[in-house]
Amino acid sequence: MLNFGIVYRHVRVKSKIVTRRNYTFESKLIDVKQLCSKSTQQEIADALRPHFEKQYPLLLKWPNIHCDAVRCWKSLDYLNMKVGEDAPCTVEIGGSYTNPDMERPEISFGDYIQYMKLFHDQYGEEGSRSCDNEPDAKKLVYLAQNDLFSPLHLDFDVPELCRDPSFRVGHGNIYSTMFWFGPRGCTSPLHYDPLDNLLMQFVGRKNVVLFPKSSSWSSDGNETTTVGDWHYAGHDGQQYNTSPIDILNQDITIKKYPLFQNAPMAIECQIEPGDILYIPSKWWHHVTSLDTSISVNVWWR
């Protein structure tokens, strides 16, 4: 059993108010394509294809309210029953995996559900700009990047374009399907992935900031890091695809990593249930859970 100051501005986009954070870097809102609840797999592929070909991010707004994942995954008891309380999972304890003190033990899914219930009792499920009861990073336990539990595959459909080359959005080869589940405040640090990524949001909201991929790569497909790189990938003990920069801690970021001021224009978005975010291969991205959040991502070629 487990024991367990940002300013905002508002931007009006097509008569809709979008809440955005003030960062020390320039950013713009992501391109958006609106789907309907009855959109076909072909229509999803057609909407994504131009951005896939340009290798440019896109947010697909898909109000798929009849999807069991959207309807049922909000219930902790449903998840516990569906996955099984004895199912093993790995969790990150202590905030971002860039933290050298972060632990990654294996626990039972039932223990994680108990942690989430305790968290909700103390901090609630939804974040708020006016909330003064924010959890300390040391109290965050994130069920991050686990293989999707087999019973949950039945609750939603992975877009067919990921496995069927006839949709002409990649070669139709799925590399992996991962499950992300955690309370508000959980983050994935600034990093990139080698494959194209569809991030599907089913519960809660997440804020995502993306930066264009870098231009220099080694012969083995890894990014080459030089003294002048804005992202400082590989510095401070990080992996070659991970930056030590914490974009939410702005004062420290600029003082410790001055070249970050040379970063290209960022793209930001907020994803909510039913949304599908396309993150192109090797685009840098930072993800923050604004509420208790459940996502599934698919890496494919």
Side-chain angles (χ1 to χ4, degrees), residues 1-4 69 72-127 133-153 155-156 175-191 193 197 199-208 237-239 241-244 246 248-249 271 273 285-299:
M1 186 71 178
L2 286 175
N3 294 317
F4 294 110
C72 301
W73 289 6
K74 293 179 288 187
S75 167
L76 297 178
D77 290 334
Y78 173 87
L79 289 169
N80 201 32
M81 177 273 297
K82 191 83 171 184
V83 173
E85 62 181 15
D86 295 326
C89 58
T90 54
V91 296
E92 297 175 357
I93 302 177
S96 166
Y97 68 73
T98 55
N99 179 357
D101 298 323
M102 189 272 291
E103 301 177 45
R104 192 171 170 82
E106 181 178 287
I107 64 172
S108 71
F109 190 75
D111 277 352
Y112 189 70
I113 291 295
Q114 288 302 311
Y115 159 78
M116 289 298 300
K117 289 182 176 180
L118 291 171
F119 186 96
H120 288 171
D121 287 344
Q122 184 169 0
Y123 299 106
E125 299 180 36
E126 297 182 355
N133 186 29
E134 291 299 322
D136 184 271
K138 295 179 181 179
K139 296 184 178 181
L140 296 177
V141 182
Y142 193 13
L143 200 162
Q145 198 170 328
N146 282 237
D147 287 322
L148 181 64
F149 299 100
S150 296
L152 298 182
H153 279 277
D155 287 349
F156 72 100
Y175 176 72
S176 59
T177 306
M178 313 303 289
F179 184 70
W180 307 77
F181 177 22
R184 76 172 189 268
C186 288
T187 64
S188 294
L190 189 62
H191 70 287
D193 302 308
N197 183 0
L199 178 60
M200 296 169 281
Q201 188 69 9
F202 295 114
V203 175
R205 302 166 299 152
K206 284 183 171 178
N207 195 75
V208 185
Q238 300 305 319
Q239 303 174 41
N241 70 330
T242 303
S243 168
D246 179 1
L248 301 182
N249 197 339
I271 58 175
H285 51 285
H286 180 284
V287 186
T288 306
S289 295
L290 304 178
D291 311 310
T292 289
S293 171
I294 302 180
S295 314
V296 173
N297 87 286
V298 177
W299 284 305

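All residue numbers refer to positions in the sequence shown, counting from 1. Note that the coordinates shown come from a computational prediction; the quantities given were computed from them, not determined experimentally.
Between Tyr175 and Asp193, the side chains place no donor N or O within less than 3.5 Å of an acceptor N or O (distance only, hydrogens not considered).
Between Tyr112 and Phe181, the ring-plane angle classifies as perpendicular under the 30° and 60° cut-offs. Ring planes of Phe149 and Phe109: perpendicular class, angle over 60° (limits at 30 and 60°).
The ring pair (Phe, Tyr, Trp, His ring centres under 6.0 Å) search around His191 returns His285, not counting sequence neighbours.
Here the shortest heavy-atom pairing between Gly127 and Arg205 reads O-NH2, 3.5 Å. Contact record, Pro183 with Val141: CD-O, 3.4 Å, taken as the closest heavy-atom pair. Trp299 and Met178 get closest at one heavy-atom pair: CZ3-CG, 3.5 Å. Across all their heavy atoms, Lys138 and Ile93 have their closest contact at O-CG2, 4.5 Å. Scanning all heavy atoms of the two residues, the minimum distance from Arg104 to Gln145 falls at NH2-O, 3.8 Å.
Looking only at side-chain heavy atoms (C-beta outward), Val91 and Pro105 come within less than 4.5 Å of each other. Residues Trp180 and Cys186 form no side-chain contact, since every pair of their non-hydrogen atoms from C-beta on lies 4.5 Å or further apart. Contact annotation: the side chain of Phe156 approaches that of Leu148 to within less than 4.5 Å [non-hydrogen atoms, C-beta and beyond]. When side chains are defined from C-beta on, Val296 counts as touching Trp73, because their heavy atoms get closer than 4.5 Å.
Note that the OG1 atom of Thr242 and the CG atom of Leu190 stand 8.5 Å from one another [nearest 0.5 Å]. The distance from the CZ atom of Phe119 to the CG atom of Leu140 is 6.0 Å, given to the nearest 0.5 Å. The CG atom of Asp246 lies 5.5 Å from the NE2 atom of His286; values are rounded to the nearest 0.5 Å. Here the CE-CG distance, from Met116 to Asp121, works out to 11.0 Å after rounding to the nearest 0.5 Å. Expressed to the nearest 0.5 Å, how far CG of Asp111 lies from CD of Glu106 amounts to 11.5 Å. To the nearest 0.5 Å, atom CG of residue Asn80 and atom CG of residue Asp86 are 9.0 Å apart.
Other residues, nucleotides and ligands place more than 12 heavy atoms under 6.0 Å from the NZ atom of Lys117. More than 12 heavy atoms of other residues, nucleotides or ligands sit less than 6.0 Å from atom NZ of Lys82.
Ser293 pairs with exactly one of Arg184, Glu125, Gln201 by the side chain to side chain donor-acceptor pair (under 3.5 Å) rule, that one being Gln201.
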